[in-house]
Amino acid sequence: MRFNSVVIFSVSFIASLAAGLVIPSDDLEARDLEVRAGAVEDMADYMVFKREPKSTIAKKARTAAAAPAKAAAKADRKAGFQKAAQAHKATTNLPNRNSKFHVAAGGGKPAQTFTGKAVRKAVFDGHMEAQRVKGVSKTQAKKSPLKQFSNRPHEVAKPNGGAKPLPHMTVEKTKSHTGPGREFPLGDPKNLGPARVITQQTKGGHQTFKGVIAHDQSRTPGPGYNDHFQVKPKKA
């Protein structure tokens with residue numbers, strides 16, 4: 001009888017212990033929801049931490065909005081370059097690359113010498129500018145370094161010199177092939193020097209190089225100060 005009582009007591013004790021270790025299903029579900037809620041909060045905190053600043057978002061928006069206009073401008077520049085290259089290829093009478101165009105010093109300004117290669121580059125830059133100004137306003141076009149050249153007579157001619165900057169150039173506005181030419185700076189267009197390159201349209205519709213002209217740097221402001229004189233090339 002004593003042995004049976006012990007066995008029954010032991011079984012009852014183990015059953016009670018096991019019952020205490022078992023977690024009710026309701027408690028498990030509640031704990032699972034609590035863990036999931038914590039994970040969501042942690043993820044939300046992480047997402048907030050990684051969010052880009054408003055300034056960066058605004059900058060990206062502006063960049064995206066400006067992208068089509070930039071792409072169009074890039075395409076226009078490329079097309080302009082191609083047309084300028086074609087016009088330059090068709091230009092006749094360009095000087096030898098090794099020839100020299102010398103502008104004498106004067107009025108405290110240094111002498112300048114330009115190669116035929118530099119002259120050719122200025123002619124090409126003139127073609128490029130002619131393409132660019134096609135798409136700008138009249139106000140902007142007036143600010144362009146590309147000017148119309150009418151070969152007007154000198155205000156104060158030099159002794160034994162011609163009456164016009166380019167004696168061999170005829171300008172008659174009634175005819176397209178003898179209309180005003182193009183004048184473009186020789187050197188840095190942003191820092192104008194004394195020299196210019198001149199081209200003129202031909203009967204064939206292309207440009208022909210007419211020559212290099214320059215200010216007389218020894219002249220002071222007054223009559224004849226803005227006169228231009230031909231600079232003849234010298235072979236290297």
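In this text the structure is predicted, and so the values were computed from the model without any measurement.
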Undergrad: Can you tell me if H88 uses its side chain to pair, donor with acceptor, with the backbone of G126 under 3.5 Å?
TA: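 A pair under 3.5 Å: no.
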Undergrad: Identify which one of I198, D227, V197 satisfies the side chain to side chain contact (heavy atoms under 4.5 Å, CB included) criterion when paired with I213.
TA: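 Single pass found, and it is I198.
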Undergrad: Under 4.5 Å between any side-chain heavy atoms of R196 and R182, yes or no?
TA: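 They are not in contact (no side-chain heavy atoms under 4.5 Å apart), so the answer is no.
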Undergrad: Rounded to the nearest 0.5 Å, how far does CG of L146 lie from CG of D125?
TA: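 These two atoms lie 10.5 Å from each other.
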Undergrad: Nearest 0.5 angstrom please: K117 NZ to N96 CG, how far?
TA: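 Those atoms lie 12.5 Å apart.
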Undergrad: Can you measure from CD (E129) to CD (Q131) and round to the nearest 0.5 angstrom?
TA: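 These two atoms lie 10.5 Å from each other.
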Undergrad: When the side chains of residues 53-70 are checked against the rest of the protein, which donor-acceptor pairs come out under 3.5 Å, sequence neighbours left out?
TA:
residue: K60; atom: NZ; partner: E52; partner atom: OE2; Å: 2.8
residue: T63; atom: OG1; partner: K59; partner atom: O; Å: 2.9

Undergrad: Give the minimum heavy-atom separation between P185 and P145, together with the two atoms involved.
TA: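 Heavy-atom minimum between the residues: CD-O, 3.5 Å.
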Undergrad: When you measure from the side chain of T202 to the backbone of T208, do you find a donor-acceptor pair of N or O atoms at a distance under 3.5 Å?
TA: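 Between the backbone of T208 and the side chain of T202 there is no qualifying donor-acceptor contact (under 3.5 Å).
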Undergrad: For residues 147-158, which side-chain N or O atoms pair as donor and acceptor with protein atoms under 3.5 Å away, sequence neighbours left out?
TA:
residue: K147; atom: NZ; partner: K142; partner atom: O; Å: 3.0
residue: K147; atom: NZ; partner: S144; partner atom: O; Å: 2.9
residue: N151; atom: OD1; partner: L166; partner atom: N; Å: 3.0
residue: N151; atom: ND2; partner: L166; partner atom: O; Å: 2.9
residue: N151; atom: ND2; partner: M169; partner atom: O; Å: 3.0
residue: H154; atom: ND1; partner: G162; partner atom: O; Å: 3.1
residue: H154; atom: ND1; partner: A163; partner atom: O; Å: 3.3
residue: H154; atom: NE2; partner: H228; partner atom: O; Å: 2.6
residue: E155; atom: OE1; partner: G224; partner atom: N; Å: 3.1

Undergrad: Within the distance-only criterion (no hydrogens, no angle test), does the side chain of Q200 pair as donor or acceptor with the backbone N or O of G179 below 3.5 angstrom?
TA: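 Between the backbone of G179 and the side chain of Q200 there is a qualifying donor-acceptor contact (under 3.5 Å).
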Undergrad: K83 versus K134: any side-chain heavy-atom pair under 4.5 Å?
TA: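 With C-beta onward as the side chain, the pair stays apart.
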Undergrad: Can you name the nearest heavy-atom pair linking A122 to F184, along with the distance?
TA: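 Heavy atoms of A122 and F184 come nearest at O-CD2, 3.5 Å.
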Undergrad: For the atom pair CZ (R97) and OG1 (T115), what is the distance rounded to the nearest 0.5 Å?
TA: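 OG1 of T115 is found 10.5 Å from CZ of R97.
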Undergrad: So F209 and V119, do their side chains get closer than 4.5 Å, heavy atoms only?
TA: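 Contact flag for V119/F209 side chains = yes.
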Undergrad: Determine the minimum heavy-atom distance between Y225 and P221, stating which atoms define it.
TA: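 Distance-wise, the nearest heavy atoms are CD1-N, 3.4 Å.
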Undergrad: Between F114 and F229, is there shared hydrophobic-cluster membership here, with clusters defined by ILVMFWY side-chain heavy atoms closer than 4.5 Å?
TA: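 In one cluster with F114: F229, no.
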Undergrad: Can you name the nearest heavy-atom pair linking P194 to V103, along with the distance?
TA: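 Heavy-atom minimum between the residues: CG-CG1, 3.9 Å.
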Undergrad: Are V231 and L186 grouped together when hydrophobic residues (ILVMFWY) are joined by side-chain heavy atoms under 4.5 angstrom apart?
TA: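 Looking at the clustering, L186 is in the same group as V231.
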Undergrad: Test your reading of the model: is there a side-chain donor-acceptor pair from Q217 to the backbone of P110, 3.5 Å cut-off?
TA: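 Yes; at least one donor-acceptor contact below 3.5 Å.
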Undergrad: At their closest point, which heavy atom of A111 faces which heavy atom of A105, and how far apart are they?
TA: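 The answer is N-CB, 3.4 Å.
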Undergrad: My understanding is that only one of H127, H206, R120, Q86 makes a side-chain hydrogen bond (donor to acceptor under 3.5 Å, both in side chains) with T91; could you say which?
TA: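 Result for side-chain hydrogen bond (donor to acceptor under 3.5 Å, both in side chains) with T91: H127.
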Undergrad: Which pair of heavy atoms, one from P165 and one from P167, lies closest together, and at what distance?
TA: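 What the structure gives for the nearest pair is O-CD, 3.5 Å.
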